[in-house]
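Step one of this worksheet: look at the structure below.
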2 protein chains.
Amino acid sequence: MTETSSNPARGGAQPGRIGIGLELDATHLKILEVLRENGRISVAALAERVGISRANAYTRFEALRADGAIRRFTAEIDHVRAGLGITALIFVTVRQQMWRQFRAELAAMPEVEYCAITTGQHDAMIQVRMADVAAVHAMVTERLAGIPAVKATETVFILDEVIRRPYVLPGDRAGGRAARRTAPEPTGPAGSGSAAGPGGEVPLGKMRFVGAAEGRGRLQRDG
Amino acid sequence: MTETSSNPARGGAQPGRIGIGLELDATHLKILEVLRENGRISVAALAERVGISRANAYTRFEALRADGAIRRFTAEIDHVRAGLGITALIFVTVRQQMWRQFRAELAAMPEVEYCAITTGQHDAMIQVRMADVAAVHAMVTERLAGIPAVKATETVFILDEVIRRPYVLPGDRAGGRAARRTAPEPTGPAGSGSAAGPGGEVPLGKMRFVGAAEGRGRLQRDG
DNA sequence: GTTGAAATTAGTACGAA
DNA sequence: TTCGTACTAATTTCAAC
């Protein structure tokens with residue numbers, strides 16, 4: 001690695017592209033698994049871990065980058081140590097046909113770590129990291145509220161981040177315990193009590209899949 | 001870098017720790033900014049970009065790792081290319097006093113990319129990546145439903161991920177356009193007056209901050 | 001797809017400002 | 001503290017197998 005290491009084939013990974021450029025085999029996935037845990041590992045060490053030759057590792061490594069399967073390498077930073085100890089989720093209802101504006105405005109907000117368009121009651125979910133609660137409040141009321149495309153917002157604070165994995169990969173199948181649903185969980189706690197019984201009936205009634213239309217209108221009518 | 005590069009001073013970064021181990025100055029933040037964009041950059045190139053000597057860069061680099069400000073380095077992977085094209089958010093209501101079990105079960109689910117404890121209507125938000133919609137359904141109904149600690153769930157699908165930044169850093173202040181809507185914020189947020197502006201009243205009425213108690217009970221009563 | 005050797009680069013240790 | 005330099009070790013590239 002010399003310098004910026006910008007992805008040379010980014011152009012090929014642009015949205016709208018359909019075809020898959022690269023067939024990912026088991027070796028590719030293994031490489032990704034290692035790289036996910038240690039993005040700074042040398043290709044030589046990577047080859048040893050995956051069990052392939054160095055030249056092969058270099059080839060595949062470069063192919064994964066060129067294909068776009070590996071977007072980039074980054075450092076996981078402790079935001080609390082970095083001075084941004086407050087994390088909040090802002091659910092946004094967007095005025096129809098103002099999506100383009102909404103996205104443009106959002107792109108100009110560096111405090112936004114994540115933004116996804118969702119089904120369900122709201123239209124988008126924004127995750128922000130701030131120095132304090134007041135900053136979140138200011139962000140919502142002064143900035144988001146000023147965007148015409150934003151019809152309404154709902155903010156919740158994140159109290160703790162239990163799990164944070166860089167990226168889930170296929171093959172991340174529950175190798176541990178749990179999961180085997182109706183079957184007897186080995187180490188899993190709670191004996192058959194509330195949920196799935198011996199017969200394996202899962203209480204679906206308490207589960208909700210929220211479609212795009214449901215629930216709308218509660219925050220819809222605003223000034 | 002030799003091999004796995006496990007953080008040597010991880011012990012000092014364990015949860016519960018209060019004091020700040022390292023005062024982050026402007027140079028540290030600059031290093032983090034570069035590393036966030038290119039986690040595989042060599043320390044030599046890093047030094048050049050930040051404008052410090054190589055020796056200094058090595059010292060600070062190691063200090064940031066030892067302190068825990070840099071948690072680890074990782075590869076950003078295109079999940080669609082990796083075969084996990086469906087992303088969903090699952091909002092979970094957790095039975096009180098069963099949090100420990102909930103967290104333990106969650107830890108055994110590798111498909112979970114992110115899980116945060118939140119205020120608001122629900123208690124936790126889980127983000128999962130799956131190969132297809134059916135897998136999400138199976139995950140919710142067969143796995144989550146089987147956890148006694150899970151009282152109810154609400155699932156929404158992510159249609160598009162507009163913004164995805166590795167980590168927000170202080171100094172990520174809106175330098176672009178936009179935002180300057182009603183109030184002329186200099187740099188930092190949290191101005192004295194929460195909203196307002198010259199003559200610009202911000203419609204606070206459509207904004208909602210959702211506390212921990214509000215809205216509870218809708219999904220609370222289940223079988 | 002693999003192995004081995006050459007050239008380049010990275011990481012370390014030291015003294016000086 | 002930070003910088004500059006020299007030394008050692010490792011990585012990457014390129015070749016032939």
Side-chain angles (χ1 to χ4, degrees), chain A residues 1-10 20-77 81-83, chain B residues 1-10 12 19-75 171:
Chain A
M1 192 120 336
T2 43
E3 241 280 316
T4 328
S5 284
S6 61
N7 197 329
R10 259 283 184 59
I20 328 163
L22 190 66
E23 270 313 303
L24 296 186
D25 59 17
T27 307
H28 284 121
L29 289 179
K30 214 168 176 184
I31 291 174
L32 293 181
E33 279 177 35
V34 174
L35 252 27
R36 172 178 57 171
E37 292 171 19
N38 184 4
R40 268 183 92 84
I41 193 173
S42 71
V43 182
L46 173 67
E48 190 182 9
R49 274 190 136 202
V50 175
I52 57 178
S53 70
R54 274 157 310 168
N56 193 0
Y58 275 105
T59 304
R60 288 169 176 272
F61 181 88
E62 195 43 50
L64 285 170
R65 290 202 55 136
D67 179 68
I70 297 177
R71 278 231 182 77
R72 65 164 161 182
F73 293 92
T74 186
E76 270 194 25
I77 291 162
R81 277 235 177 43
Chain B
M1 190 117 341
T2 43
E3 240 279 314
T4 327
S5 286
S6 61
N7 198 326
R10 262 279 186 63
I20 328 160
L22 190 66
E23 253 341 281
L24 296 186
D25 59 18
T27 307
H28 284 121
L29 288 179
K30 212 167 176 187
I31 291 175
L32 292 181
E33 279 177 36
V34 174
L35 252 27
R36 171 178 59 170
E37 292 171 21
N38 183 3
R40 269 183 91 85
I41 193 173
S42 72
V43 182
L46 174 66
E48 190 182 8
R49 273 190 137 198
V50 175
I52 57 179
S53 70
R54 286 202 314 164
N56 193 1
Y58 274 106
T59 304
R60 288 170 174 272
F61 181 87
E62 194 44 50
L64 285 170
R65 290 201 58 136
D67 180 68
I70 298 176
R71 278 229 183 78
R72 64 164 162 182
F73 293 92
T74 187

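Note on naming: letters A, B, ... go to the chains in the order of the sequence lines (proteins, then strands), and numbering restarts at 1 for each one.
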Whole Å only: how far is the CZ atom of B/R65 from the P atom of C/dG11? 11 Å
Find the distance A/Y58:OH to D/dA10:P and express it as a whole number of Å. 14 Å
Can you check the B/L46 CG to C/dT9 P distance for me, whole Å? 17 Å
How long is the span from the CD atom in A/E37 to the OG1 atom in B/T74, to the nearest 0.5 Å? 8.5 Å
Once each nucleotide of nucleotides 1-6 of chain D is scored for protein heavy atoms under 4.0 Å, what B/S/- sequence comes out, 5' to 3'? -SBB-B
If you compare all heavy atoms of A/A47 against all heavy atoms of A/R54, which two are closest, and at what distance to 0.1 Å? CB-CA, 3.8 Å
Partners meeting side chain to side chain contact (heavy atoms under 4.5 Å, CB included) with B/S53 (sequence neighbours left out): B/A55, B/N56
d(CD1, A/I41; P, D/dT11) in whole Å: 10 Å
With sequence neighbours excluded, tell me which residues meet salt bridge (Lys or Arg N to Asp or Glu O under 4.0 Å) with A/R36. A/D172
Going from CD1 on A/I77 to CD1 on B/I31, what distance comes out if it is rounded to the nearest 0.5 angstrom? 11.0 Å
Between B/R60 and B/I52, is there a side-chain heavy-atom distance shorter than 4.5 Å? yes
Nucleotide D/dT12, atom P - distance to CZ of A/R40 in whole Å: 11 Å
